[in-house]
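The sequence lines fix the lettering, A, B, ..., with proteins before strands; numbering per chain opens at 1.
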There are 2 protein chains.
Amino acid sequence: MRAMLTPATLAATAALLGDPARAAMLQALFGGESLTAGELARIAGIGAPAASAHLAKLTDGGLVAVHRQGRHRYHRLASEEVAAALETLGGLTMAVAPARRPWPHGEEFRTARLCWDHLAGRLGVALHQGLTGRGWLAPAEGGWAVTTTGEAGLGALGVDLAAARRARRFACDCMDWSERRAHLAGGLGRAIAARCLDRHWLHRLPPARSGDPLGRRRLGLTPEGARVLDGALGVRIGA
Amino acid sequence: MRAMLTPATLAATAALLGDPARAAMLQALFGGESLTAGELARIAGIGAPAASAHLAKLTDGGLVAVHRQGRHRYHRLASEEVAAALETLGGLTMAVAPARRPWPHGEEFRTARLCWDHLAGRLGVALHQGLTGRGWLAPAEGGWAVTTTGEAGLGALGVDLAAARRARRFACDCMDWSERRAHLAGGLGRAIAARCLDRHWLHRLPPARSGDPLGRRRLGLTPEGARVLDGALGVRIGA
DNA sequence: GCCGCGCTTCGTCCACGGGCGAAGCGGGGC
DNA sequence: GCCCCGCTTCGCCCGTGGACGAAGCGCGGC
């Protein structure tokens, strides 16, 4: 039983993304971290009351989820779909915007980065290719399912499949705007990214400059990470 | 040399989609047809002056392209990226909107439909799977390239590869929100869809009811189409 | 050449919504 | 218990932008 997709409801969702302050907040949350209302207010360059109003709209609209902890309220993106929409809208914006200033992140940004909680860029796309090409994932209702081969392979890498299965979506596609190809999202995408960061196969790179809207989303691959991912899945993004 | 992706530019693009009248226009154009300003005004339920203003914003923003013919001005979506953004935003809206009215299109809509100018739904996803799984497409900069095997296979189906290559993008992914998987967009996606409709392997289904916001996007597969696509690419969506 | 039609431009109105300061609420710290 | 601090609510102001009617422009038809 799904709802009707009318122009009005689509416009309502798009309008939530169409305010500069809200867009700044969402872009900050797109880095994968949970942030307090105060931090988001500072990032968006507005006062606390305005930020509170924006965050109320975003949570009402189902784009942001809140988590109370003491006197702080931590905000994060609510779902895969929100991350996917931000990623795709970013691609549209880049395609549409005339080339004004040079793109300051260049190759490093396209090589590997976080898309909310999963891996993107050339690395994310190569990972998707490796997982499906080696038969670790098979088509399933609503995305992908892991095969017995995949279960063994991912287990050997130490990926927490149990945690991945607890997510609303186990594995589905997400558009990578810099590569124009799909990368892996869902619980499995998150579990793989978590494992890579946990084992220091990947590490977060510092922002290119202060106030960087892309935050700490850029990732660097360590020599060990390159070895492990190439050995297990044929993922090669160096050259 | 790419432009910078600031919150402000992303918000500006999203705001273009965030108006009910503009969203209605874009959703109508998402069916793949070129429509005149008058038709779009009627669809959006607004007067001619307002429609003209909205269309000017959409073309200025690079979301819609115009084509003069006599005293009519035909409007269509400007690029892959716009179609991809509409598709993804639709998915976000559906995920976010509480299930109000039942979804009236059900299985027929998920089985096969147009996403602007290429195939989507279970059929589009299966096609993508068939093309990549059989080695007809290989990873390439910015999407996919056709292999020699693929060139032969697509040639045998009568797909116009020369026309496909003239497009800005030859082949790239686009998110399918009903399947949560990638389907094929770009010049090749358009050429394949055109061939299928041309040979009556697929045909447009009438709107489920008048005023249907999804227009004539639903597609039906003919027995011959099912036979051809299964034989060439192992595409099976019947059961 | 004249009129008709599709579309755009201009001028005007008005409503929605985002911003802030002040005040209120609630959880922790001491 | 008191205060501090993070966040929200309230009340208000103001700017943006979307709507329409009237008028103008350009292409076609007769």
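- The residue among A:Ala21 and B:His72 whose nearest nucleotide of DNA chain C is located toward the 5' end is B:His72.
- For the segment residues 37-45 of chain B, the set of residues with a heavy atom within less than 4.0 Å of an atom of DNA chain D is empty.
- A:Leu26 approaches A:Leu77 most closely through the heavy-atom pair CD2-CD2, 3.8 Å.
- Using a 4.0 Å cut-off between a side-chain N of Lys or Arg and a carboxylate O of Asp or Glu, B:Arg180 and B:Glu87 do not qualify as a salt bridge.
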Could you go through the side-chain hydrogen bond (donor to acceptor under 3.5 Å, both in side chains) check for B:His128 and B:Asp173 one step at a time?
-> CA-CA 9 Å; B:His128 187 284; B:Asp173 284 356; 2.8 Å; yes

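- For the residue pair B:Arg218 / B:Thr111, no side-chain donor-acceptor distance below 3.5 Å is found, with atom types taken as modelled.
- Using a 4.0 Å cut-off between charged side-chain N and carboxylate O, B:Glu39 and B:Arg73 make no salt bridge.
- Both tests pass for B:Arg113 against the ring of B:Trp177: distance under 6.0 Å to the centre and angle within 45° of the axis.
- Salt bridge status for B:Lys57 with B:Asp60: absent, with no side-chain N to carboxylate O gap under 4.0 Å.
- Taking CD of B:Gln27 as the start and CG of B:Leu89 as the end, the distance is 10.0 Å to the nearest 0.5 Å.
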Show your working on salt bridge (charged side-chain N to carboxylate O under 4.0 Å, His left out) between B:Glu179 and A:Arg169 and close with a plain yes or no.
-> CA-CA 12 Å; B:Glu179 304 307 304; A:Arg169 290 190 179 282; over 6 Å; no

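- Relative orientation of the A:His183 and A:His118 rings is tilted, given thresholds of 30° and 60° on the angle between their planes.
- Chain B approaches DNA chain C within less than 4.0 angstrom (heavy atoms of the protein), and the contacting nucleotides run 5' to 3' from C:dG4 to C:dT9.
- The closest side-chain heavy-atom distance from B:Ile192 to B:Leu127 is below 4.5 Å.
- Listed by residue number, the members of residues 47-59 of chain B with any heavy atom below 4.0 angstrom from DNA chain D are B:Gly47, B:Pro49, B:Ala50, B:His54, B:Lys57.
- In this structure, B:Arg168 pairs ionically with B:Glu81, as a charged nitrogen and a carboxylate oxygen lie closer than 4.0 Å.
- End-to-end axis angle for the helix from C:dG1-D:dC30 to C:dC30-D:dG1, using five pairs per end and rounding to 10°, comes out at 30°.
- Here the side chains of B:Arg22 and B:Leu17 are not in contact, with every heavy-atom distance at 4.5 Å or above.
- Counting only residues at least two apart or in different chains, ring pair (Phe, Tyr, Trp, His ring centres under 6.0 Å) contacts with residues 65-94 of chain B are absent.
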Distances for protein N or O near nucleotides 25-30 of chain D N or O, under 3.5 Å:
none

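- Protein atom CG of B:Leu17 is 15 Å distant from nucleotide atom P of D:dG17, rounded to whole Å.
- Counting heavy atoms from C-beta outward, A:Leu219 and A:Trp201 have side chains that stay 4.5 Å or more apart.
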